[in-house]
Number of protein chains: 2
Amino acid sequence: MATIHDVALRAGVSPKTVSRVMNDHESVTAKTRERVREAMRALDYQPSTVARVLRSQSAPAVGILMGDPSGGYQTRIHHALMVACLQNGRHLSAELVEGDMAGWQDRIRAFVTEGGVREMVLLPPECDFAPLKALLREHGVRCVLISPTSPDSLSPSIVMDDRAAAREVVEHLFSLGHERIGHIAGHPDHAASTLRRNGFNEAYAAAGKPRPDPALIVPGDFSFKGGLAGAQALLDMDDPPTAIFAANDDMAAATCMEAQRRGLKLPDDLSVVGFDDAPIAAAIWPSLTTIRQPFDQMTQRAITALNGWSANEALGKGAATILTQHSLVIRESTGPVRAG
Amino acid sequence: MATIHDVALRAGVSPKTVSRVMNDHESVTAKTRERVREAMRALDYQPSTVARVLRSQSAPAVGILMGDPSGGYQTRIHHALMVACLQNGRHLSAELVEGDMAGWQDRIRAFVTEGGVREMVLLPPECDFAPLKALLREHGVRCVLISPTSPDSLSPSIVMDDRAAAREVVEHLFSLGHERIGHIAGHPDHAASTLRRNGFNEAYAAAGKPRPDPALIVPGDFSFKGGLAGAQALLDMDDPPTAIFAANDDMAAATCMEAQRRGLKLPDDLSVVGFDDAPIAAAIWPSLTTIRQPFDQMTQRAITALNGWSANEALGKGAATILTQHSLVIRESTGPVRAG
DNA sequence: GTGTCCATTGTGAGCGGTCACATTTTGTCC
DNA sequence: GGACAAAATGTGACCGCTCACAATGGACAC
């Protein structure tokens, strides 16, 4: 493995100049720069991240905290973040945080100081955990929040417009002729649940229709089981809805299952819409119409925010809220309302 | 942050002695050792991994390569591995490997040299990719293989007994009175598919029953859609099976869905068994009887193998095959065969 | 006492970079 | 051509730790 010295020797300059070239320092002659570049190429030189971290006390890594991945959400963000890091020449460093958070402070401290992590991406629910954010700030770690319940005045947030997305879902159903639309709400602790329900209601108002029957909104908890219960409640009604909008894909899948169990044909007898575009949405039959959370874009924006942090700081409080663009993915689970 | 010098100063010894204490070197007086330990405690000393890596050119991290996580398998191993690393005072370093593997050699090389990774855990399908293993060996990286198609003569493998597990599934169904059992096979490219099908057949032989009707074994591909097709084929038969054993949980879930769509009551009219104990197995209704892959144990063993590598080397070729213990998880999707 | 030996401890260098600062070059103007 | 500032480059130290080797001490035999 070639070191900076080898490169310097070959280019006939000092190591420091090589360092300057690597870090895009301004004051290097174009000629020298090219000579150094050439030497790097010739020696297939790869600067040692470790040495750099040791000296400069900061790594080019983006940290992320992970818990149990069974929900799927974290995993997808994690994957998207790895891709984003890769594209930005960064490295992703993950630390486990779950269950009994006993001694979590020490764990985080070690993660940050040992790994030299100076920047982190925080996911729900950690992105709303004030003590954690305070600890990180204390250690000079810059954070970007993904879908926090409420924006933070010190860290930029990457969010999607859950309310608008829910409205789009309902408008899509309206366009198919559905009037009685059921909604299985999300877990009451999640801010997104409220936003999605509000969007559901707003769509009626925006279309100049009367407020939907409150009985058509049933509670849920984002789980398959919760979705099953919600679907049962809705389909047991005397005047059941012709379409059901579940606050996430797991519950929507459960709804499909329950409907098929009752002998309903999808989407003829019932249209179902989910939210998230989780793997299950494309896997099951009928595949789910759903809202695609733009994970790629979210993580890309997160890295961009981190990259341009200094600019952000100059820009103001650094508390920007970055909105990402979701999209309605229409698949097989929605169709025109049955005539009659 | 306290450094080794601070500790040395406080303990009244040289930094080297502190280093010796940290690395459990033999030749340090008990008294000195205790004094150093005390100083470490007093200063809340955390040795710098970065410095250690730089100097000793090897990190205490275990590497893993990750691709698209949508299958769920990687994610679960990843999580289990993080837990295992945590318990063993190690750190997990993940690198993305997927899609167009153009330039994968450089990526891997960088991962290994930059990160100082000297040990890796290889998952399917990478664990069977010879060029990758050769490259890693070339760089002195020690590997542990998880569920490889065929064992490697140079790296220990952690496997589970797919065949025995499949046998247990069938025996469980036998014990419930099922005689006509369908099997939806896995993706033909996966070794596990064959093993599970063989186990399925073996169970009949072991029970002294005639070889099962070949028509009862239908092809699959581990996907939900493939499971749907397989279930349809089986349930469309003139003399349909009373139980279906799918080679993984996704296909089992699809089978449940298809059966319920046809108005069958589970498990009264049809018993269904999956394989893997994926999150979906516990999520759906009825929850799936399935084989639990012992991920915790597998990853724990992997780390143990890595920890005791030198011992292994002395022991022979280092090509141990470590068998882990699966278990049959009986849930709601299986029940006694319907009388008559 | 003093020479030998071994166990325990210390010394200085260096891993591969970057930092603050010193030094050299270069260009500009009179 | 010489004075001068500004730009370009080089110098050594140092980040925190571990390495090879040297040095210290005490126990023991003579």
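Computed over heavy atoms, backbone and side chain alike; hydrogens, waters and symmetry mates excluded. Proteins get letters first, then strands, A, B, ... in listed order; numbering begins at 1 in each.
Residues passing the salt bridge (Lys or Arg N to Asp or Glu O under 4.0 Å) test with D24(B), sequence neighbours excluded: R37(B).
For S56(B) and dC17(D), the shortest distance from a side-chain N or O to OP1 or OP2 is not below 4.0 Å. For dG10(D), one of the phosphate oxygens OP1 or OP2 lies less than 4.0 angstrom from a side-chain nitrogen or oxygen of S14(A). Put simply, T32(B) has a side-chain N or O that comes within less than 4.0 Å of OP1 or OP2 on dT9(C).
Rounded to whole Å, the distance from NZ on K31(A) to P on dA8(D) is 12 Å. For K16(B) and dA23(D), the NZ to P distance is 17 Å, given to the nearest whole Å. The nearest whole Å value for the distance from the CZ atom in R35(B) to the P atom in dT9(C) is 8 Å. Atoms CZ (R33(B)) and P (dA7(C)) sit 15 Å apart, rounded to a whole Å. What separates NE2 of H5(A) from P of dT18(C) is a distance of 11 Å, to the nearest Å. The distance between atom CG of L9(B) and atom C1' of dG16(D), rounded to the nearest whole Å, is 15 Å.
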Report task. Evaluate the salt bridge (charged side-chain N to carboxylate O under 4.0 Å, His left out) criterion for residues K31(B) and E34(B): first the C-alpha distance (whole Å), next the side-chain angles of each, then the deciding distance (0.1 Å), finally the verdict. Result -> CA-CA 5 Å; K31(B) 210 173 64 184; E34(B) 193 37 57; over 6 Å; no
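Scanning all heavy atoms of the two residues, the minimum distance from P151(A) to S157(A) falls at CA-OG, 3.8 Å.
Exactly one of L65(A), I64(A), L123(A) qualifies for a side-chain contact (heavy atoms from CB on, under 4.5 Å) with Q74(A). That residue is L123(A).
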Which pairs would a plain distance check flag for residues 77-89 of chain B, meaning a side-chain donor or acceptor within less than 3.5 Å of a matching protein atom at least two apart in sequence or in another chain?
unit_1 : atom_1 : unit_2  : atom_2 : d
H79(B) : NE2    : E98(A)  : OE1    : 3.2
H79(B) : NE2    : E98(A)  : OE2    : 3.1
N88(B) : OD1    : N307(B) : ND2    : 3.3
N88(B) : ND2    : A84(B)  : O      : 2.7

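Distances from the side chain of V28(B) to the nucleotides dT18(D), dT9(C), dG10(D) place dT9(C) closest. Ranking dA8(D), dG17(C), dT8(C) by closeness to the T29(A) side chain, first place goes to dA8(D). Side-chain proximity of R20(A) to dC21(C), dG17(C), dT9(C): nearest is dC21(C).
Within residues 45-55 of chain A, the residues that have a heavy atom under 4.0 Å from DNA chain D are, in order of number, L54(A), R55(A).
Less than 6.0 angstrom separates the ring centroid of W104(B) from the ring centroid of F129(B).
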